[in-house]
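FYI, side chains are in, hydrogens and waters are out, and symmetry mates aren't considered; it's all heavy atoms of this structure. Remember, it's a predicted structure, so these values are computed and weren't measured experimentally. We count residues from 1, following the sequence as given.
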Amino acid sequence: MDKNYYKSHLKLDFIAMKGQQKLAHAKVLVIGAGGLGCPCLTALSASGIGNIGLADGDLISSSNISRQTLFSYPDTGRYKTAVAIASLKSRNPYLRYHEHRFFINEENILSLVKAYDIVVDATDNFQARYLINDACVVKNKPLVYGAIFQTEGHLTVFNYQNSPTLRCLFREPDQEEALPSCAESGAYMITTNIIGTMMANEVIKIALNQEEVLSGKLLRFEALDTTTTRVTYSADQQSKTKSYSRFKHVPKAIELTAAAFRESTQRTGIALIDVRTMEERKVQHIGGKHIPLPELEQFDLKGYDASQHFYFYCQTGIRSLQAAKKLRAKGYENAFSLKNGISTLNCEIKNT
């Protein structure tokens, strides 16, 4: 530990050397490296959180840069996790940074949160938020939650010392799904920076065992008139039961990485299907049947039993994912899509 780096903290009675050592031993996972994640990560790193994990599978675009303060224009097109960690290391090289370069799902979330003491939800969609909440309930991890809508920000802590969870505050996902994401509605970068930094403050209070953690209390902040209000909410045991039941039967991942797809399609008895147009297939393909996506509904499935393995591919992974979902809806659980399309495959592509 560089004592000179933490000189200001060491003078504070509620931190001092003992508290700084607690922060050095803390393990914090931040999910999402966007408008909330960037200021939160910056504050956590500067405060000396010893182990910082970052999970995100997204790439940087120019529209991110104004509010996602760990990135700059030359970073456009690069992975957020890699750039963010490099930036954090330049500020504080004495910490351990753990990169998780993927999007969370039901198959990876439990093992991901298990390795950390505190989880931070810095995502911007409610599907991910409920997934993170449910995993933290199952693994008994405190969850620091932040959200914004234009100039308004929300902040609270879930599942801390048996406190209420996200499902206690918003009992059903459809209560909040109608709210648009930041990309759709816009986001005031002042609000994202303030709420992101306040999220880091809750992490530090939890790591230091401070009182007045925002558990069971939702803080609302309005940037334009700088007002704050607090709303209390209570625990609902039925909500926790829903979180546990979510993971009793986790469906197979529908998207496969290039390596998994390549390995799976080497087996006998599988059905490999190209759902692109004939024009695209003429340029390049990796074999298999050719059934353009619009024609998939007419595909005769009578010769295939429910255990049949289907592997769909297209140029970018979007149409093949739709195809796999269509077959799963018909009862074929072994329908899979090549994630991000055939450009990700390092195998020979046939040119015709």
Side-chain angles (χ1 to χ4, degrees), residues 29 31-33 53-59 79-81 98-116 119 121 123-139 173 177 242-276 286 288-289 291 293 296 301 304-347:
L29 171 66
I31 303 178
L54 175 56
D56 199 320
D58 202 7
L59 300 175
Y79 281 100
K80 288 183 176 182
T81 50
H98 309 277
E99 183 182 6
H100 306 288
R101 191 184 294 180
F102 53 77
F103 292 111
I104 58 168
N105 57 44
E106 288 187 331
E107 288 198 329
N108 61 34
I109 188 66
L110 291 177
S111 60
L112 181 62
V113 304
K114 181 181 179 181
Y116 294 90
V119 179
D121 178 0
T123 62
D124 67 351
N125 71 85
F126 277 85
Q127 191 173 35
R129 288 170 181 166
Y130 279 87
L131 176 61
I132 296 167
N133 171 83
D134 294 343
C136 286
V137 170
V138 171
K139 294 300 181 182
E177 280 182 347
K242 288 183 179 180
S243 296
Y244 279 103
S245 63
R246 174 182 198 137
F247 296 100
K248 286 184 177 180
H249 175 66
V250 178
K252 298 178 181 178
I254 194 168
E255 291 185 290
L256 299 180
T257 62
F261 191 88
R262 188 186 308 111
E263 179 183 353
S264 298
T265 53
Q266 298 303 311
R267 303 169 186 167
T268 59
I270 61 99
L272 177 64
I273 302 175
D274 180 356
V275 295
R276 300 173 302 159
I286 55 173
K289 293 178 180 292
I291 307 174
L293 183 62
L296 189 62
L301 292 168
Y304 302 95
D305 61 34
S307 63
Q308 175 68 42
H309 284 65
F310 294 93
Y311 296 92
F312 295 96
Y313 72 90
C314 66
Q315 205 66 31
T316 63
I318 296 175
R319 285 169 289 175
S320 59
L321 179 59
Q322 293 176 2
K325 287 180 176 179
K326 286 179 182 293
L327 259 67
R328 288 207 178 185
K330 295 178 182 293
Y332 293 91
E333 292 188 1
N334 294 313
F336 302 94
S337 166
L338 171 59
K339 187 175 183 179
N340 297 325
I342 61 172
S343 60
T344 62
L345 289 173
N346 294 320
C347 61

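Residues forming a side-chain contact (heavy atoms from CB on, under 4.5 Å) with A115 (at least two apart in sequence, or on another chain): none. By the side-chain contact (heavy atoms from CB on, under 4.5 Å) test, N340 is found to be paired with T344, residues two or more places apart in sequence or in another chain being considered. For Y313, the ring pair (Phe, Tyr, Trp, His ring centres under 6.0 Å) criterion is met by no residue, not counting sequence neighbours. In this structure H309 satisfies the side-chain hydrogen bond (donor to acceptor under 3.5 Å, both in side chains) test with no other residue, sequence neighbours excluded. Applying the side-chain hydrogen bond (donor to acceptor under 3.5 Å, both in side chains) criterion to Q315, with sequence neighbours excluded, gives R276. Take K325 and apply the side-chain contact (heavy atoms from CB on, under 4.5 Å) test, not counting sequence neighbours, and it matches I254, L321. With sequence neighbours excluded, no residue forms a salt bridge (charged side-chain N to carboxylate O under 4.0 Å, His left out) with E263. Scored by the salt bridge (charged side-chain N to carboxylate O under 4.0 Å, His left out) test, R129 finds no partners at all (sequence neighbours excluded). Residues that satisfy the salt bridge (charged side-chain N to carboxylate O under 4.0 Å, His left out) test with K326, not counting sequence neighbours, are E297. Taking N133 as the reference, nothing meets the side-chain hydrogen bond (donor to acceptor under 3.5 Å, both in side chains) condition, with sequence neighbours excluded. Judged as a salt bridge (charged side-chain N to carboxylate O under 4.0 Å, His left out), and not counting sequence neighbours, D56 has no contacts. Scored by the side-chain hydrogen bond (donor to acceptor under 3.5 Å, both in side chains) test, S307 finds D305 as partners (sequence neighbours excluded).
The shortest distance between side-chain heavy atoms of L327 and L296 falls below 4.5 Å. Residues L29 and H100 have side chains in contact (heavy-atom distance under 4.5 Å, counting atoms from C-beta outward). Using a 4.5 Å heavy-atom cutoff, the side chains of V137 and Y244 are in contact. Residues F336 and F261 have side chains not in contact (no heavy-atom distance under 4.5 Å, counting atoms from C-beta outward). For the pair T257/F102, no side-chain contact is recorded, criterion being any heavy-atom separation below 4.5 Å from C-beta on. A heavy-atom distance below 4.5 Å is not found between the side chains of I286 and T265.
Under a 3.5 Å cut-off, the side chain of N108 and the backbone N or O of F103 do form a donor-acceptor pair.
Counting all heavy atoms, side chain and backbone alike, K139 lies closest to L110 at CE-O, 3.9 Å. Between A55 and T81, the closest heavy-atom pair is C-CG2, 4.3 Å. The minimum heavy-atom distance between L338 and S320, with the atom names listed, is O-OG, 3.8 Å. Summarising the geometry of S337 relative to G317, their closest heavy-atom pair is OG-O, 3.7 Å, with the distance given to 0.1 Å. Nearest heavy-atom pair across C314 and R319 is SG-N, 3.5 Å.
Here L272 contributes atom CG and Q266 contributes atom CD; the two are 10.0 Å apart, rounded to the nearest 0.5 Å. Distance CG/L131 to CZ/F247: 5.0 Å, rounded to 0.5 Å. Rounding to the nearest 0.5 Å gives a distance of 9.0 Å between OH of Y130 and NZ of K242.
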inquiry  = Using the rule given for side chain to side chain contact (heavy atoms under 4.5 Å, CB included), can you reason through L59 versus Y79, listing the C-alpha separation, both sets of side-chain angles and the distance that settles it, and then say yes or no?
reply    = CA-CA 4 Å; L59 300 175; Y79 281 100; 3.5 Å; yes
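Side-chain contact of T123 with N125: a donor-acceptor pair under 3.5 Å is absent, judged by distance alone.
Aromatic ring centres of F310 and Y332 lie closer together than 6.0 Å.
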